[in-house]
Amino acid sequence: MDPMDIVGKSKEDASLPKATMTKIIKEMLPPDVRVARDAQDLLIECCVEFINLVSSESNEVCNKEDRRTIAPEHVLKALQVLGFGEYIEEVYAAYEQHKYETMDTQRSVKCNSGAQMTEEEAAAEQQRMFAEARARMNGGGPVPQPEHPETEQPETDQRNLQS
């Protein structure tokens, strides 16, 4: 197969981790469904193309506002412009959850005085995060509650979702 794609860029220019993408694809399907390798490759290429599309449109939105840094609101506006408006609320909720988890992780690192997770703890945490992402993607069930109830989760600002 030719290492150049349709737009003339090398395949190495933009890619996603194949093992991670394969795992995500398999986790989204029933256990008895198999996916051919070429179908997995096509799905991964679609993901790369989608990221390129959203990134490019986000840059356009950012430039129209005379900004130099693409912000989350630029990405949300790009999704709207590209016809993915129905996903904005879910994407924003996932973003807020990510911010909260990142903040929580940064806080726990500071509290642990540099102590690192064991490999088993890291694997368990990764599986928990995959499960949360799966639940959000499938629209199934509530968003998982924070482990530290004394810390409030940030409110979703619905004004940013309006276009």
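Any value given below was found using the heavy atoms of this structure, including those in side chains, with hydrogens, waters and symmetry copies removed. Residues take their numbers from the sequence shown, with the count starting at 1.
- Here the straight-line distance linking atom NZ of Lys77 with atom SG of Cys62 works out to 14.0 Å at 0.5 Å rounding.
- Leu29 and Ile44 end up in the same hydrophobic cluster when Ile, Leu, Val, Met, Phe, Trp and Tyr side chains are linked at under 4.5 Å.
- At a threshold of 4.5 Å between side-chain heavy atoms, the hydrophobic network of Ile, Leu, Val, Met, Phe, Trp and Tyr places Leu53 and Val81 in two separate groups.
- Residue Ser15 comes nearest to Val48 through the heavy atom pair CA-CG2, 4.1 Å, listed as atom of the first residue, atom of the second, then distance.
- For the pair Glu45 and Glu49, the minimum side-chain heavy-atom distance is 4.5 Å or more.
- Residues Tyr92 and Glu96 bring a donor and an acceptor atom of their side chains to less than 3.5 Å of each other.
- Every residue meeting the side-chain contact (heavy atoms from CB on, under 4.5 Å) condition with Phe84, not counting sequence neighbours, appears here in chain and number order: Phe50, Leu79, Leu82, Tyr87.
- One finds the CD atom of Gln126 at 11.5 Å from the CZ atom of Arg128 (value rounded to the nearest 0.5 Å).
- At least one side-chain heavy atom of Ile51 sits under 4.5 Å from a side-chain heavy atom of Leu16.
- Val54 and Ala78 make their closest contact through O-CB, 4.0 Å (heavy atoms, listed as atom of the first residue, atom of the second, distance).
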Side-chain donor-acceptor contacts of residues 18-27 below 3.5 Å, not counting sequence neighbours, with atom names and distances?
from: Lys18; atom 1: NZ; to: Asp41; atom 2: OD1; distance (Å): 2.9
from: Thr22; atom 1: OG1; to: Lys18; atom 2: O; distance (Å): 2.8
from: Thr22; atom 1: OG1; to: Gln40; atom 2: OE1; distance (Å): 3.4
from: Glu27; atom 1: OE1; to: Arg134; atom 2: NH1; distance (Å): 2.6

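- There is no path of hydrophobic side-chain contacts, each under 4.5 Å, that joins Ile88 to Val61.
- Every pair passing side-chain hydrogen bond (donor to acceptor under 3.5 Å, both in side chains) that includes a residue from residues 57-67 is listed here, sequence neighbours excluded: Glu65-His74.
- One hydrophobic cluster, built from ILVMFWY side chains closer than 4.5 Å, cannot hold both Met129 and Tyr95; they sit in different ones.
- The closest donor-acceptor contact from the side chain of Ser56 to the backbone of Asn52 lies at 3.5 Å or more, if one exists at all.
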